[in-house]
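Note sheet for the following structure.
What you see below is based on every heavy atom in this structure, not just the backbone, and it leaves out hydrogens, waters and symmetry mates.
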Amino acid sequence: MEDAKPRNLGGSLPVPNVQDLAARPEDLTATPTLLHRYLRPQPNTLDLLLDAPAHEQEHVPVINLGRLLGQDDRAEEAARLRLACENWGFFQVVNHGIPEETMEEMKRNVMGFFARPLAEKASLAQEPGGIEGYGQAFVVSEEQKLDWADMFFLLTQPPSYRDLHLWPSNPSTFKNCLESYSTEVQRVAGKLLRAMSENLGARDHSDMTRLAATQSMRMNYYPPCPEAHVDRMLGLSPHSDAVGLTLLLQVSSVPGLQIRRNGGWVPVAPLPGALVANVGDVVEVLTNGKYKSVEHRAVVNTREERMSIAAFHSGKFGTTYGPLEEVVGDEEVRYRSITVEEYVKLVLSSKLDGKNIMDAMKIS
């Protein structure tokens, strides 16, 4: 029996197309009320941690998946993964086994999609009350600040969740490429979640690996922004990911991802061929806070466009999220339990705002 596709979970208010605005900067500056929606009250350079000497600067941990799954160096790599999950919430994954050509073809297809005419992309626009398609997400009021970005969002796993009329026919290789890439990334997510479960000492690893059962892809496009306002705009508001595990592929070499650490923002420079992984809010809930999701954001620049592909992995509908008894042990339960359906509705009705979803999940 096929899994039923979830529907009517909530959507986002329509907003202007940012790629189009970037091509008409004079119209943006001539409309102060529109421009104001993209300007943050604080400069994004505030609390940027770049002052330490190069040899003292911290770097996101790197996990070699091949070693983690092997025999000789498994314990050492598992310890590195535990440290990343407990103290960072982020890590880069190398030697993950995804063919280089699969990743490069996915990058080419995403670049090709965002290069298509606006009218063609708009034909794949999000429908009212839905999150899938071309547009933006987490816009819940006419007053909130907007991100300087467009996105293309698709449900990719399991296959029964796919809405294929939203999958582009141009570029012509997009559909087959996305299917291949999606399957490969889901495999990596399952391996990582099992290793994370092993590090917790859990006997039943399915409690964690089930978080790779569903997958959605968010393809992000960050155009250059007006030079006069670069320090007041963000491509993606500070937030933690309200999923199980995210695996991010940097499409272009332009940096932009920053994570919250020690009260400031640390830039992340993706390694060639690596995936950037981050612990999601759902894993924090299941582990009762042993593994922590971390705020992150995307900054923009005045000269170059930036693109990325985020693969979000979560549990299936019809199941429940809550702290795992085996992991909690004698500790106090810190988070409430909730059905996946109710959790997704909570997420989609909220704007991106720090760890607001986790605050809603905590038992006060």
Report summary line: From the list Met217, Met103, Arg218, side chain to side chain contact (heavy atoms under 4.5 Å, CB included) with Ile309 holds only for Met217
Report task. Decide yes or no for Tyr222 and Ser252: does some side-chain heavy atom of the first lie under 4.5 Å from some side-chain heavy atom of the second? Result -> no
Requested in this report: With rounding to the nearest 0.5 Å, note down the distance linking CH2 in Trp265 to CG in Leu48.
Outcome: 10.0 Å
Query raised in the report: Less than 4.5 Å apart, any side-chain heavy atom of Thr319 and any of Arg210?
Result: yes
**Report entry** Closest approach of Asn64 to Arg67 (non-hydrogen atoms, all atoms of both residues)
**Finding:** OD1-N, 3.1 Å
Report task. For residues Tyr181 and Asn109, determine if any side-chain heavy atom of one lies less than 4.5 Å from a side-chain heavy atom of the other. Result -> no
Query raised in the report: Can a donor-acceptor pair be found between the side chains of Gln215 and Ser182 at a distance below 3.5 Å?
Result: yes
Report task. Flag the pair Leu245 / Met208 as yes when at least one side-chain heavy-atom distance between them is below 4.5 Å, and no otherwise. Result -> no
Query raised in the report: Which heavy atom in Leu166 sits nearest to a heavy atom in Ala125, and how many Å separate them?
Result: CD2-O, 4.3 Å
Query raised in the report: Going from CD on Glu77 to CG on Leu65, what distance comes out if it is rounded to the nearest 0.5 angstrom?
Result: 9.0 Å
Query raised in the report: Should Glu105 and Arg108 count as an ion pair when the cut-off is N to O under 4.0 Å?
Result: no
Query - Stepwise ring-ring contact (aromatic ring centres under 6.0 Å, His included) check, Phe90 with His296 - result: CA-CA 10 Å; Phe90 266 79; His296 51 286; 5.1 Å; yes
Query raised in the report: Can Leu257 be reached from Val254 by stepping across I, L, V, M, F, W or Y side chains whose heavy atoms are under 4.5 Å apart?
Result: no
Requested in this report: Say whether Ile131 and Trp167 are linked into one hydrophobic cluster, either directly or through other cluster members, by side-chain heavy-atom distances under 4.5 angstrom.
Outcome: yes
Query raised in the report: Linking I/L/V/M/F/W/Y whenever their side-chain heavy atoms sit closer than 4.5 Å, directly or via other members, would Leu46 and Leu236 fall into one cluster?
Result: no
Query raised in the report: Got a sec: does the NZ of Lys191 have more than 12 other heavy atoms crowding it under 6.0 Å?
Result: no
**Report entry** No-hydrogen, no-angle side-chain donor-acceptor test under 3.5 Å, Ser197 and Asp207
**Finding:** no
Query raised in the report: Using the ring of each side chain (for Trp, its six-membered ring), is Phe152 parallel, tilted or perpendicular to Phe113, with breaks at 30° and 60°?
Result: parallel
**Report entry** Nearest atoms (heavy-atom pairs only) where Val279 meets Met196
**Finding:** CG2-CE, 4.3 Å
Requested in this report: Flag yes if Val299 and Leu39 sit in one hydrophobic cluster, no otherwise; membership is Ile, Leu, Val, Met, Phe, Trp, Tyr, and two members link when side-chain heavy atoms are under 4.5 Å apart.
Outcome: no
Query - Set of side-chain hydrogen bond (donor to acceptor under 3.5 Å, both in side chains) partners for Arg336, sequence neighbours left out - result: none
**Report entry** Any donor-acceptor pair under 3.5 Å from Glu184 side chain to Pro99 backbone
**Finding:** no
Report task. Report the hydrophobic cluster partners of Val94, with the cluster defined as I, L, V, M, F, W, Y residues connected by side-chain heavy atoms closer than 4.5 angstrom, directly or transitively. Result -> Val62, Leu271
**Report entry** Cluster overlap Leu234 with Tyr221, hydrophobic side-chain contacts below 4.5 Å
**Finding:** no
Report task. Would you indicate whether the side-chain heavy atoms of Val251 and Phe114 approach each other to under 4.5 Å? Result -> no
Requested in this report: Answer yes or no: is there a donor N or O on one side and an acceptor on the other, between the side chain of Arg261 and the main chain of Gly264, under 3.5 Å?
Outcome: no
Report summary line: In short, salt bridge (charged side-chain N to carboxylate O under 4.0 Å, His left out) pairs touching residues 227-238 with sequence neighbours left out are none
Query raised in the report: Within a strict 4.5 Å, meaning less than it, do heavy atoms of the Val139 and Leu146 side chains meet?
Result: yes
**Report entry** Lys316: salt bridge (Lys or Arg N to Asp or Glu O under 4.0 Å) partners, not counting sequence neighbours
**Finding:** Asp3
Requested in this report: Would you indicate whether Glu101, at its atom CD, is surrounded by more than 12 heavy atoms from other residues, nucleotides or ligands within a distance under 6.0 Å?
Outcome: yes
**Report entry** Donor-acceptor contact present, side-chain Asn301 to main-chain Pro255, <3.5 Å
**Finding:** no
Requested in this report: Answer yes or no: does atom CD of Glu26 have more than 12 heavy-atom neighbours from other residues, nucleotides or ligands under 6.0 Å?
Outcome: yes
Requested in this report: Any chance you could measure Thr302, atom OG1, to Met233, atom CE, to the nearest 0.5 Å?
Outcome: 11.5 Å
**Report entry** Side chains of Tyr321 and Val340 in contact at under 4.5 Å (non-hydrogen atoms)
**Finding:** yes
Query raised in the report: Does the side chain of Leu34 reach to within under 4.5 Å of the side chain of Leu21, using non-hydrogen atoms?
Result: yes
Query raised in the report: side-chain hydrogen bond (donor to acceptor under 3.5 Å, both in side chains) with Ser237: which of Arg40, Glu295, Arg297?
Result: Arg40
Query raised in the report: Has the side chain of Gln19 got a donor or acceptor atom that lies under 3.5 Å from a matching backbone atom of Pro223?
Result: no
Query raised in the report: With no hydrogens and no angle check, is any side-chain donor or acceptor of Tyr343 less than 3.5 Å from a backbone partner on Ala242?
Result: yes
**Report entry** Transitive ILVMFWY cluster of Val333, excluding itself - 4.5 Å side-chain cut-off
**Finding:** Val328, Ile363
Query - Verdict with supporting geometry, Phe138 and Val347, side chain to side chain contact (heavy atoms under 4.5 Å, CB included) - result: CA-CA 8 Å; Phe138 306 111; Val347 171; 3.8 Å; yes
Query raised in the report: Of all heavy-atom pairs between Ser206 and Thr209, which one has the smallest distance, and what is that distance?
Result: CA-OG1, 3.2 Å
Query raised in the report: Among pairs that include at least one residue of residues 148-166, which meet salt bridge (charged side-chain N to carboxylate O under 4.0 Å, His left out), considering only residues two or more places apart or in two chains?
Result: Arg162-Glu179
Query - side chain to side chain contact (heavy atoms under 4.5 Å, CB included) evaluation trace for Gln157 with Thr214 - result: CA-CA 5 Å; Gln157 296 289 352; Thr214 73; 5.7 Å; no
Query raised in the report: Just wondering, more than 12 heavy atoms not from Arg203 lying within 6.0 Å of its CZ?
Result: no
Report task. Quick one: do Arg194 and Glu198 satisfy salt bridge (charged side-chain N to carboxylate O under 4.0 Å, His left out)? Show the steps, please. Result -> CA-CA 6 Å; Arg194 180 182 176 88; Glu198 291 174 351; 3.3 Å; yes
Report summary line: salt bridge (Lys or Arg N to Asp or Glu O under 4.0 Å) test vs Glu284 passes for just one of Lys292, Lys355, Lys362, namely Lys355
